[in-house]
Novice: 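Before I ask anything, here is the structure I am working with.
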Amino acid sequence: MSYIAAQLREVRQRIATLAAAAGRPEDSVRLLAVSKTFPVEAILEAYRAGQRAFAENKAQELAAKAPLLPADIEWHFIGHLQGNKVAQVLRHAAWIHSVDSVKLLQRIDRLAGEAGVTPNILLELNLGAEADKTGAPESMLPELVAAARAATHLHWQGLMCMAPLDADEVTTRRVFSRLRELLSQHAPELTELSMGMSGDYAIAIACGSTMVRIGTAIFGKR
Ligand SMILES: *Cc1c(COP(=O)(O)O)cnc(C)c1O
């Protein structure tokens, strides 16, 4: 078994264990393999091991890799998205996790309409209040929710966040729990919580994550 296949198996087993420990069905947590900076060969290795959902954080990198890979891969865009890259991302991504302004949301909606696609989106919040990170402040959520509900060419599915860099376990747990609370307050009918990376997905799953975004633990160090 290749290194990537072995890592992938280990991560999947750990997710199943963590989901069970939280009293949740195993398939309530989706594993997204974050393939940023890794070559198509590495992605193919994961693909051959059964992985179908992959995530990238740069529009150009996504556009360069996606056409070289099997068409049944489900691409997730998880990086900061500039307005002039939206059309490029919409050609490949079925999901955009990083919608953090009304302006960006409306642009995605309009361009999706023009392209005849209906992407799934998540609203990204910055709950750690770090100046150098993407994500909207919590105070902007009502405005974003209204815009997401008014959009016609996209499916708003839930919320996304990252724990602050180097946050301790208590802070991480507080941030992830807050995201879940905000989803149930603002959109109780929605289910998706994209939270948890290689270093903190155990906490995220305990806090209700439905999508974990894992790079290093599958592909190795970047
Ligand atoms: C890179 C990245 C990840 C994956 O990080 P790892 O620590 O390598 O698992 C998850 N989410 C986002 C938004 C990222 O940019």
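Just so you know, ligand 1 is whichever comes first in the structure, and atom 1 is the first atom listed for that ligand. FYI, side chains are in, hydrogens and waters are out, and symmetry mates aren't considered; it's all heavy atoms of this structure.
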Novice: Measure the spacing between CE of Met195 and CD of Glu124 and express it to the nearest 0.5 Å.
Specialist: 13.5 Å

Novice: Tell me the protein heavy atom at minimum distance from atom 12 (C) of ligand 1, and give that distance in Å.
Specialist: Ile78 CD1, 3.4 Å

Novice: Could you list which atoms of ligand 1 come closer than 4.0 Å to a heavy atom of Ile214?
Specialist: 9 (O)

Novice: So do the side chains of Arg178 and Val175 get within less than 4.5 Å of each other, counting heavy atoms only?
Specialist: no

Novice: Below 3.5 angstrom, do we get any N/O pair linking Gly215 and ligand 1?
Specialist: yes

Novice: Within ligand 1, which atoms have a heavy atom of Ser198 less than 4.0 Å away?
Specialist: 6 (P), 7 (O), 8 (O), 9 (O)

Novice: Applying ring-ring contact (aromatic ring centres under 6.0 Å, His included), name anything that partners Phe77, two or more places apart in sequence or on another chain.
Specialist: none

Novice: Is the closest side-chain heavy-atom distance between Ile205 and Val212 below 4.5 Å?
Specialist: yes

Novice: In the protein, which heavy atom is nearest to atom 11 (N) of ligand 1, and how far is it?
Specialist: Arg213 NE, 2.9 Å

Novice: Heavy-atom contacts with Thr216 under 4.0 Å: which atoms of ligand 1 show up? List them by number with element.
Specialist: 6 (P), 7 (O), 8 (O), 9 (O)

Novice: Between Phe54 and Glu74, is there a side-chain heavy-atom distance shorter than 4.5 Å?
Specialist: no

Novice: Suppose we measure from atom 5 (O) of ligand 1 to each protein heavy atom; which comes out shortest, and what is that distance?
Specialist: Met197 CE, 3.5 Å

Novice: When you check the side-chain N and O atoms of Glu56 and Ser35, is any donor under 3.5 Å from an acceptor?
Specialist: yes

Novice: Can you tell if the side chain of Leu123 reaches within under 4.5 Å of the side chain of Leu105, non-hydrogen atoms only?
Specialist: yes

Novice: Quick one: look up the protein heavy atom nearest atom 1 (C) of ligand 1 and list residue, atom name and how far away it is.
Specialist: Lys36 NZ, 1.4 Å

Novice: Do any heavy atoms of Arg222 fall under 4.0 Å from ligand 1?
Specialist: yes

